[in-house]
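Since the structure comes first, as structure tokens, the remarks are kept for the end.
Computed from a predicted model, the values in this text were never measured in an experiment.
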Amino acid sequence: MAAKILANLLVMGSGILARAVVQAYRQALTNASKSGVAQETLQNTVRRASKAMTEQEARQILGVSEQTAWDEILKKYDALFERNAKNGSFYLQSKVHRAKECLEPVYRDKGPDTP
């Protein structure tokens, strides 16, 4: 008998909690649409979903500026890539590689002395 009552309380409690969560989510969406946060969040989500690294992010990862020559970028890339290969940080190593990949087309379009 006690187990049945406990089971009923558990089911009722979880139902109430689920409705409260749904109601809070709806209210959050309403508030976000009023303040314009929803559009900004949507744009950020789309940008993150594309997983495309921007040129600015790539330069920040490699620690280079717009005036940096391609040879200097390659030196920075090699140093960072090898450092992360030795320490075993595959995530950072992949970020460094993606940064170099992002900058390659930029420098390819600049002239023949670049990649």
Side-chain angles (χ1 to χ4, degrees):
M1 181 72 169
K4 185 176 180 180
I5 293 172
L6 186 59
N8 281 337
L9 285 174
L10 184 65
V11 169
M12 286 176 40
S14 62
I16 292 169
L17 182 64
R19 279 187 296 243
V21 167
V22 169
Q23 185 179 6
Y25 183 72
R26 284 183 183 156
Q27 186 63 43
L29 286 177
T30 303
N31 292 342
S33 66
K34 287 180 184 175
S35 66
V37 173
Q39 288 291 18
E40 183 180 336
T41 303
L42 182 61
Q43 289 171 352
N44 287 341
T45 303
V46 168
R47 187 176 65 84
R48 286 187 186 140
S50 69
K51 295 184 180 180
M53 183 179 290
T54 65
E55 184 180 339
Q56 180 183 3
E57 290 172 320
R59 291 186 186 285
Q60 192 173 26
I61 288 169
L62 293 174
V64 297
S65 67
E66 292 183 17
Q67 292 78 26
T68 307
W70 179 250
D71 293 336
E72 184 66 28
I73 290 174
L74 286 178
K75 288 178 188 175
K76 290 249 187 178
Y77 164 76
D78 289 335
L80 289 170
F81 192 84
E82 289 302 318
R83 189 178 310 147
N84 287 304
K86 290 177 184 173
N87 293 335
S89 179
F90 181 73
Y91 173 76
L92 291 177
Q93 192 179 23
S94 67
K95 281 291 197 182
V96 169
H97 184 71
R98 296 291 174 243
K100 184 190 103 172
E101 282 182 340
C102 178
L103 292 177
E104 281 178 341
V106 174
Y107 280 86
R108 189 177 303 127
D109 294 339
K110 282 188 176 181
D113 60 338
T114 57

Can you list everything that forms a side-chain contact (heavy atoms from CB on, under 4.5 Å) with [X]? Sequence neighbours excluded, please.
X	result
E82	none
S65	Q67, T68
K76	V64, E72

Keeping to residues at least two apart or across chains, list the salt bridge (Lys or Arg N to Asp or Glu O under 4.0 Å) pairs with something in residues 90-103.
R98-E101, K100-E104
Taking all atoms of both residues into account, what is the closest heavy-atom pair of [X] and [Y], and its distance?
X	Y	answer
A85	Q93	CB-NE2, 3.3 Å
I73	L62	CG2-CD1, 3.9 Å
A99	A58	O-CB, 3.5 Å

Return the CD to CD distance between Q56 and E66, rounded to the nearest 0.5 Å.
9.0 Å
Y91: which other cluster members, linking ILVMFWY side chains closer than 4.5 Å, directly or transitively?
L92
List the atom pairs, donor and acceptor, that lie under 3.5 Å between side-chain atoms in residues 16-27 and the rest of the protein, sequence neighbours left out.
unit_1, atom_1, unit_2, atom_2, d
Q27, NE2, N31, OD1, 3.1

